[in-house]
Structure formats: C-alpha cells, structure tokens
Amino acid sequence: MNDPVANQTLAADAVIVGGGLVGLSMAIALGGAGLAVAVVDREDPAGATNARFDGRATAIALASQRMLAAIGIWRHVSASQPILEIRVADGDSSFFLHYDHRDIGADPLGYMVENRVLRVALYARAAELPGVRLLAPVAVAAVDRGRPGIALGRGTVELADGRKIAAPIVIGADGRNSGLREAAAIRCVSHDYRQIGIVCTVRHELPHRGVAVERFLPSGPFAILPLTENRASLVWTEAAATAPALLALPPAAFAAELGRRFGDHLGALQVVGPRWSYPLSLHLAETYVAARLALIGDAAHVIHPVAGQGLNLGLRDVAALAEVLVDAARLGLDLGQGDVLERYQRWRRFDALALAAVTDGLTRLFSNDAAPLRLARRAGLAAVNALPPAKKFFMRHAMGQVGALPRLLTGNTL
Ligand SMILES: Cc1cc2nc3c(=O)[nH]c(=O)nc-3n(C[C@H](O)[C@H](O)[C@H](O)COP(=O)(O)OP(=O)(O)OC[C@H]3O[C@@H](n4cnc5c(N)ncnc54)[C@H](O)[C@@H]3O)c2cc1C
C-alpha cells in the first residue's frame, strides 16, 4: 500500500535544517519577508521549551535585540533583563574594566534572556507566519543538493519519515556537529579547550542593578549574568579534569564552592534549579557556502562563551543571509546561485574569524596564572579602562554595532 506521507514532496523557497535558536530566527526573517520556508528539527518543540532542556541564558547584544524586534520575535519574549554595566576583573584584582551603558547613551548594552523563554518566543512568532512551516520532531535522513551549476535547480532534503522538501537553497543551521557541513565535505578547524562550562542559576539577597560581572580565575572565566527577579545565571568555566567532581558535589558543598568564586557582593545566595555542563571548543568551518548550501550559526562557527557572543554571531549570519536572499528573490534570481551565496560568505567570514581570535586569545591569556602574564593583563585592563575611545570601541563591538550592518541589525525590516 502507498504511504501518503512518504510520497509527499513539499516545495519551498528555502529549507532550513535545524530549528534551534539560529535556524528558527532564520525561518522567521525569511518568512516575514514573504518567502516560503520549511524548517526541520529532530527535537520535539514541546520538549525544547521545557525548563529541563536548556538551562542557559543568553546575553543578547543591543543590535541583535533590535533585529529580534524588527522580525516580530521580541514582543513574545516574556522576560528580559537589561544589562546596564559590565565589570571585568582579573581574579580578585581590584583592576576593573568597567563598561557603563551611560558612556554610550540611554540604551542598555544588551539584554539577558533565558534560552527557554527565547524558544517559546520563536515558536510563537513562527506560528504567526503562514510562510513558515516547522516540521518537528523529525530527523533529516539525506540531502541531495543536485548537480552544481544548473540554473534554477533544486536541492532536496529527505526526512526520516520519507517526506521530501525541494528548494533552491538548503540552509545548514544544524549546530556544532553539522551533518550538512560534513556531507558537503567542508573542513573545520577545531580546538578542544579542555574546559567545561558549568551553568546554573542563583537567587541572591541584594539587587544586581543590571550589572554583569566577569571574573577571570586561573581555571577559566566565571561570569555572573543578571536575570529578572534578583536572579543571576552563572557560566563557571573549569578544567575538564576537575569539573566532573564539582558537578557531583552534594548541594551544600557545591553552593560553598560556588560562593567562594561568586563573592559576597550580592548577599546570601541560593542555587535554584539543576546544574548544567557544556564542553567548550572552537570550530570554524573553512567555507560557509557550497553548491545550494549556506551554513549559519554554530554549524559555521563555535566560539568560547567568554564574551557571550556565539548566538549574536549566529544572529548576524541570519541578518546578512536573509538580506542577501530576499534581495535576490526580489530580482527573480536563483537563491542557490554561487554569486548570491558568495555575497553572504564575504559579508560574514571576517566577523566570525575576528571574534574567534579575540575569544581564543582572551581564554589563553587569562587561563594562566604565571606572574608576568598576570601583571601584563592587569595593566592591559587598566589601560583600556583609562582610554575612553578604546573603551567605547569595545563597548560598541559587544553591542554588535561595528562594521557594515545588515538592515535587520539596525532595526529596519527587509
Ligand atoms: C555555556 C554557554 C553559554 C553561552 N552563552 C552565550 C551568550 O551569553 N550569548 C551568546 O550570544 N551566545 C552564547 N552561547 C552560544 C550559543 O548558545 C550558541 O551559539 C547557540 O545556541 C547556537 O545555536 P544554533 O541554533 O546555531 O545551534 P544549536 O542550538 O545546536 O541548534 C541546532 C539544531 O539543529 C537540530 N539538528 C541537528 N541535526 C539535525 C538533523 N540531522 N535533523 C534535524 N535536526 C537537526 C538540533 O536538534 C538543534 O535544535 C553560549 C554557549 C554556551 C555553551
């Protein structure tokens, strides 16, 4: 007997493999501009918005927030905490690098949003757009990108349930172990930091006043990121060899270890919810495009979370690729054509390379307790702090406001 599902071939302007934070944002940006998009993810959306799926919170730079507002996602974000100041310290040194949003203007430096809150907002916005079709949970079984060089050709994504989706462009948003990247034989430069990011949430006695703190400890950075309701999200980096023992500590001993690193500036602390752990590594795809394929987000680049920029980089990919594809669609061009994809790649590669170099350099420079290095970096932090133009440049960079910005990142629509 014929299986009606298995015989279905859907047609779309773009098919996105991976409906994580980046893939769904991409689908919404394209769908909102009138393109027909299919987005496929193997996770069940009901599970992906559960509090036990992803314990992280993300620092969303101001430019990224403007884009999320421009494509209709931000109004579904039910809770966000403005980041008003960032204080960086080397261990227990009093040399603070201090970023204050008032040095730049009235806007905050960015916003902290819990990932599960962001996912709920993404699903809600995707459901409003008739052009966006979310196929989940279902895995991708095979991808055929057709023969290269054929004008107005199609790539076809085959799902595990037999359905097929045909589109002129396949977008790989399938994360750090991207199957699409591997199938296209795109090589990746990788480095294992041999560090684990321990993530948890604490409730504290005193208000944080929107201040994010980054403390560079010998084992790695310890970030205290303000959340709503007197809570903070912690990203506590430890050597891979010692992290499992910390993660396995009974609650009181874990809280004591955490408290030693956190300090007492916010009064009494209480760990709320589970502890999470993420192995940290660097991955840079050697190219972001191939025949009828563009990689975005972690599929193209994974960086150390020290500067809280991984998702922001991915959202900048979304802004650039959406602009390139929508412009091409308006001109009636083939969306999978080499020139169109090259424009995207030229726009995005330098940003990812530069941030990978900066975050990699920071991690190596600060994860070392040798006395000469310690003195040099303390002098460096103090020097940047005393030099307003340098400070403002770094602030604007962290806010995502440097370089040739795609329209969406300036808050405009496509
Ligand atoms: C501890 C930590 C803290 C961080 N903090 C910040 C921060 O403050 N600010 C910031 O900007 N970034 C931060 N990041 C980085 C950020 O979390 C990532 O860059 C971002 O989540 C990547 O999203 P993505 O959608 O590209 O990939 P993913 O989230 O990995 O999504 C990939 C999706 O593809 C799906 N998929 C994969 N293969 C298939 C298949 N074959 N078929 C169907 N579906 C498939 C998966 O199910 C998944 O949903 C942090 C990272 C870590 C580890």
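Residue numbers run from 1 in the order of the sequence given. Computed from heavy atoms alone, side chains included, the values below leave out hydrogens, waters and symmetry copies. Remember, it's 1-based here, ligands and their atoms both numbered in the order they're listed.
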Do any N or O atoms from the side chain of Asn312 and from the backbone of Ala59 form a donor-acceptor pair under 3.5 angstrom? yes
Are any of the side-chain heavy atoms of Leu134 and Pro45 separated by less than 4.5 Å? yes
Tell me, please, which residues at least two apart from Arg187 pass side chain to side chain donor-acceptor pair (under 3.5 Å). Glu286
As a test of reading the model: which N/O atoms of the protein lie under 3.5 Å from N/O atoms of ligand 1, and at what distance?
from     : atom 1 : to     : atom 2 : distance (Å)
ligand 1 : 8 (O)  : Ala59  : N      : 2.9
ligand 1 : 9 (N)  : Ala59  : O      : 3.3
ligand 1 : 9 (N)  : Gly308 : O      : 3.0
ligand 1 : 11 (O) : Gly308 : O      : 3.3
ligand 1 : 11 (O) : Gly310 : N      : 3.4
ligand 1 : 11 (O) : Leu311 : N      : 2.8
ligand 1 : 11 (O) : Asn312 : N      : 3.0
ligand 1 : 11 (O) : Asn312 : ND2    : 3.0
ligand 1 : 12 (N) : Gly310 : N      : 3.3
ligand 1 : 12 (N) : Leu311 : N      : 2.9
ligand 1 : 17 (O) : Arg56  : NH1    : 3.2
ligand 1 : 19 (O) : Asp298 : OD1    : 2.7
ligand 1 : 19 (O) : Leu311 : N      : 3.4
ligand 1 : 25 (O) : Leu21  : N      : 3.4
ligand 1 : 25 (O) : Val22  : N      : 3.1
ligand 1 : 26 (O) : Asp298 : N      : 2.9
ligand 1 : 38 (N) : Arg42  : NH1    : 3.4
ligand 1 : 42 (N) : Val140 : N      : 3.2
ligand 1 : 44 (N) : Arg42  : N      : 3.1
ligand 1 : 47 (O) : Asp41  : OD1    : 2.8
ligand 1 : 49 (O) : Asp41  : OD1    : 3.3
ligand 1 : 49 (O) : Asp41  : OD2    : 2.6

Using the six-membered ring of Tyr278, assess whether NZ or CZ of Arg56 lies under 6.0 Å from its centre and within 45 degrees of the ring axis. yes
Parallel, tilted or perpendicular for His265 and Phe262, by the 30°/60° rule? parallel
Using modelled atom types and a 3.5 Å cut-off, is there a donor and acceptor pairing between side-chain atoms of Arg125 and backbone atoms of Ile71? yes
